[in-house]
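All heavy atoms count here, side chains included; hydrogens, waters and symmetry mates do not. Just so it is clear, the structure is predicted and the values come from calculations on it, not from any experiment.
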Amino acid sequence: MLLLQVQQAARIFAGDPLFQNVNLNIQDNSRIALVGPNGAGKSTLIKMIIGENEPDEGQIVSRKGLTIGYLAQDTGLESEDTIYNEMLKVFAGLIEMEQQIHELENKIASSQDHESTSYHSLLKQYDQLMHDFSAQNGYGYQAEIRSVLHGFNFQEEDFNKKISSLSGGQKTRLALARLLLEKRDLLILDEPTNHLDIETLQWLESYLQSYPGALLLVSHDRYFLDKIVTEVCDISHKRAKTYPGNYTSFVKQKKEDQKQAWKEYEKQQVEIDKLQDFVNKNLVRATTSKRAQSRQKQLDKMDRIQRPEGDEKGPHFSFTPSSKSGSVVLTVSDGYIGHDEQTISGPVNFELRKNKVLAVVGQNGIGKSTLLESVIGQIPFISGSAKFGANVQYGYYDQEQQGLHPQKTVLNEIWDEHPTTPEKDIRSLLGSFLFKGDDVKKIVHNLSGGEKARLLLTKLAMQHDNLLILDEPTNHLDINSKEVLEKALQDFTGTVLFVSHDRYFINQTADEIIEISPSGSTLYLGNYDYYIEKKEEQRLIAEQKAQEAEDEKQPASPNTSSAKSSYTQSKAKEKQQRKLEREVAQLEEKVDNLDQEKTRIENKMSQPDIFNDLTKMQKLQQKLTSVSQELNATEEQWEQSSAELEEFMA
């Protein structure tokens with residue numbers, strides 16, 4: 001059923017459209033992501049949908065009685081009530097119905113004449129109320145409140161806390177919790193994943209997947225969008241287009257659209273040039289002027305394709321180490337981390353080797369940032385140590401952005417540390433990070449969070465370190481900037497240690513993941529998807545062991561025990577088969593990508609301007625050797641995994 005329709009909507013400022021001809025259909029089961037660069041008009045369109053503003057052109061049509069829930073970015077719940085009492089207000093109608101039921105029960109119990117019309121009327125009224133109460137989850141709403149609060153990391157001992165005493169992040173989580181409990185027909189969430197740790201994000205994803213209404217989401221969390229949405233509405237270049245599928249599918253489809261648009265544009269340009277050339281050469285010739293005039297008419301009537309616009313300009317940069325480190329870059333041995341002699345996690349143990357990218361994950365407050373600060377010596381380990389390997393030069397990205405001088409200009413922030421570098425080179429580098437023209441004269445104190453993040457990355461790129469230590473580097477970055485940073489880290493020939501809550505970013509960049517917990521650390525040799533898979537395996541094993549222990553306490557009949565064992569084995573076999581199939585598919589894709597990369601390098605090496613440049617040839621040969629080695633190793637892994645799968649299914 002159609003809930004709401006955006007029809008040819010436009011917003012126009014001083015004759016210049018922010019966007020126009022925007023169409024969007026929201027069904028009762030829609031899961032839509034609204035994406036686009038900052039300033040494209042996402043928030044403006046949302047304000048039209050919720051009725052705060054009217055479109056300058058077009059209209060918004062909604063179903064009668066449609067209820068909309070909207071949570072703006074970083075909106076906190078303001079109340080003088082306690083957490084639990086505030087959530088109870090959502091169910092005021094049920095609570096009132098419950099009171100009416102009790103009142104009716106008392107009247108029925110006190111009635112003397114069970115044959116009277118009034119008595120039967122009471123019974124009928126009571127039956128109807130009981131039916132409505134049950135249908136509206138009257139017996140389960142308190143359990144639902146507890147479930148949602150627990151999902152947002154509020155424990156039973158927190159329920160009686162005054163909301164006014166909570167932090168901004170906690171108030172934001174409560175605002176979202178209340179909105180989820182209200183179960184509006186259409187739920188519009190702007191950056192709902194802010195202030196949520198990975199465990200809470202996973203809970204929210206699970207909850208939203210089964211949400212009974214429609215969802216319209218704005219988020220920079222691409223992993224979150226991949227898990228939830230089935231449509232993506234892209235607002236860019238003053239237009240909007242809706243793509244089926246999740247975010248990753250949208251990215252692929254948009255690239256194909258852009259390729260096709262360029263093909264059609266270039267094909268028409270060739271035709272235009274050909275016609276125009278004929279006209280120019282033949283218009284004045286008596287023998288061919290009629291044909292030239294005919295060609296000119298063709299040109300005049302042609303519906304010309306506008307030059308396609310690429311993605312909005314984002315930063316473009318790379319990290320280039322000035323020297324190579326030893327094989328072992330960093331070793332942390334029995335590291336206990338914390339503050340003021342109070343341990344929050346330990347022992348942490350890991351060895352970071354050259355060219356690896358290691359992501360640190362764990363619950364909020366577990367000490368991930370503290371670990372990085374202890375590694376670089378800003379905060380001492382409570383016990384244990386960190387040791388850098390031979391010839392290691394590290395650069396540190398601080399999520400608090402303390403590495404910037406608030407009173408300096410953007411230009412001087414860089415130039416003061418590299419005084420021998422010509423100003424034009426500094427300006428050129430800053431330009432690649434989107435600091436254009438007079439932007440370099442801005443005072444650091446006046447920069448936005450995103451601008452400060454880009455300035456810190458500029459400083460990091462200038463240092464040419466072979467080890468990058470990054471604390472939440474994607475904070476404040478839009479999606480375009482995140483993708484550029486991912487590409488820069490993927491191409492980086494050094495080593496990386498980073499903390500991030502951005503699961504898509506972790507998935508794209510990490511070779512290994514170390515999870516920090518109060519009892520220490522656990523290393524996982526894969527990306528984020530691999531980490532989640534292993535965590536799920538561990539959970540299932542723990543549940544199985546707990547069930548086995550419970551079964552030992554309660555003797556079961558032979559038939560029941562056999563059935564349980566058979567079911568467990570069947571589920572385990574299915575899971576193992578899916579795992580092997582997934583591994584084979586991932587390895588096949590990796591082999592294809594590496595093979596394409598190898599071909600690309602070989603083609604580049606055959607170009608005359610490259611072939612005759614010894615320095616470029618040496619660099620490309622090194623890259624070709626590295627890619628070839630990785631391709632051979634991956635092919636071996638694929639063959640081994642394929643053989644395991646065949647053997648398993650035999």
Side-chain angles (χ1 to χ4, degrees), residues 3-26 32-62 66 68-75 186 188-192 194 216-220 225 231-243 250 254 257-258 261 265 303-315 410 431 433-443 446-454 476-484:
L3 296 182
L4 183 141
Q5 204 170 36
V6 179
Q7 300 174 346
Q8 300 290 309
R11 167 64 76 232
I12 299 171
F13 295 106
D16 184 30
L18 175 64
F19 56 75
Q20 57 189 155
N21 298 323
V22 171
N23 296 291
L24 182 64
N25 293 331
I26 302 178
I32 303 173
L34 194 59
V35 304
N38 292 342
K42 299 188 295 294
S43 296
T44 302
L45 180 60
I46 285 175
K47 287 177 181 177
M48 292 177 182
I49 290 172
I50 65 176
E52 188 173 316
N53 293 325
E54 292 289 327
D56 295 318
E57 295 176 2
Q59 60 181 346
I60 311 290
V61 180
S62 62
L66 175 69
I68 298 177
Y70 171 55
L71 183 69
Q73 186 173 346
D74 294 330
T75 299
L186 170 59
I188 303 174
L189 305 178
D190 189 354
E191 296 295 349
N194 288 357
L216 179 62
L217 307 174
V218 176
S219 178
H220 287 106
L225 295 180
E231 297 174 75
V232 175
C233 179
D234 175 40
I235 301 183
S236 57
H237 307 301
K238 304 181 181 182
R239 297 184 296 275
K241 181 173 179 179
T242 300
Y243 296 82
F250 148 71
K254 187 173 181 180
D257 277 2
Q258 288 172 338
Y265 171 76
D303 186 10
R304 301 203 176 199
I305 300 171
Q306 288 192 347
R307 179 185 175 87
E309 297 178 76
D311 289 335
E312 282 70 16
K313 289 184 179 179
V410 169
F433 284 82
L434 301 186
F435 292 103
K436 308 284 189 182
D438 288 343
D439 286 344
V440 301
K441 297 178 182 178
K442 288 182 178 179
I443 303 299
N446 296 328
L447 298 179
S448 68
E451 288 172 324
K452 288 178 181 177
R454 286 189 274 112
H476 310 294
L477 296 181
D478 61 20
I479 288 180
N480 285 347
S481 298
K482 288 180 183 181
E483 289 174 348
V484 172

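With rounding to the nearest 0.5 angstrom, the CD1 atom of Ile46 is 12.0 Å from the CG atom of Asn53. Of the inter-residue distances, the one linking Leu217 atom CG with Glu231 atom CD reads 11.5 Å to the nearest 0.5 angstrom. Taken to the nearest 0.5 Å, the CG atom of Leu45 stands 4.5 Å off from the CD1 atom of Ile235. Summarising the geometry, atom OG1 belonging to Thr44 is positioned 5.5 Å from atom CZ belonging to Phe19; distances are rounded to the nearest 0.5 Å. Distance check, rounded to the nearest 0.5 Å: CD1 of Ile60 to CD1 of Ile49 gives 6.0 Å. The CE atom of Met48 lies 12.5 Å from the CG atom of Leu24; values are rounded to the nearest 0.5 Å.
No side-chain donor-acceptor contact under 3.5 Å links Lys241 to the backbone of Val232. A donor-acceptor pair under 3.5 Å is absent between the side-chain atoms of Lys442 and the main chain of Glu451, judged by distance alone. A donor-acceptor pair is defined here as one N or O able to donate and one able to accept, closer than 3.5 Å; such a pair exists between the side chain of Arg11 and the backbone of Glu54. A donor-acceptor pair under 3.5 Å links the side-chain atoms of Asn23 to the main chain of Gln8, judged by distance alone.
Nearest heavy atom pair, residue Lys42 against residue Val35, reads CD-C, 3.6 Å. The two residues Gly41 and Leu18 come nearest to each other via the heavy atoms CA-CD2, 3.7 Å. The heavy-atom pair separating Asp190 from Ser43 by the smallest distance is OD2-OG, 4.2 Å. Scanning both residues, Ser219 and Leu225, for their nearest heavy atoms gives O-CD1, 3.6 Å. Across Asp234 and Gly36, no two heavy atoms sit closer than the pair OD1-CA, 4.1 Å. Closest of all the heavy-atom pairs between Tyr265 and Arg307 is CE1-CA, 3.4 Å.
The closest side-chain heavy-atom distance from Ile188 to Ile68 is below 4.5 Å. Between Ser236 and Lys254, the closest side-chain pair of non-hydrogen atoms falls below 4.5 Å.
Remark: Asp16 engages Lys238 in a salt bridge, criterion side-chain N to carboxylate O under 4.0 Å. Asp439 and Lys436 are not joined by a salt bridge, as no carboxylate oxygen comes within less than 4.0 angstrom of a charged side-chain nitrogen.
Exactly one of Glu191, Lys482, His476 qualifies for a side-chain hydrogen bond (donor to acceptor under 3.5 Å, both in side chains) with His220. That residue is Glu191.
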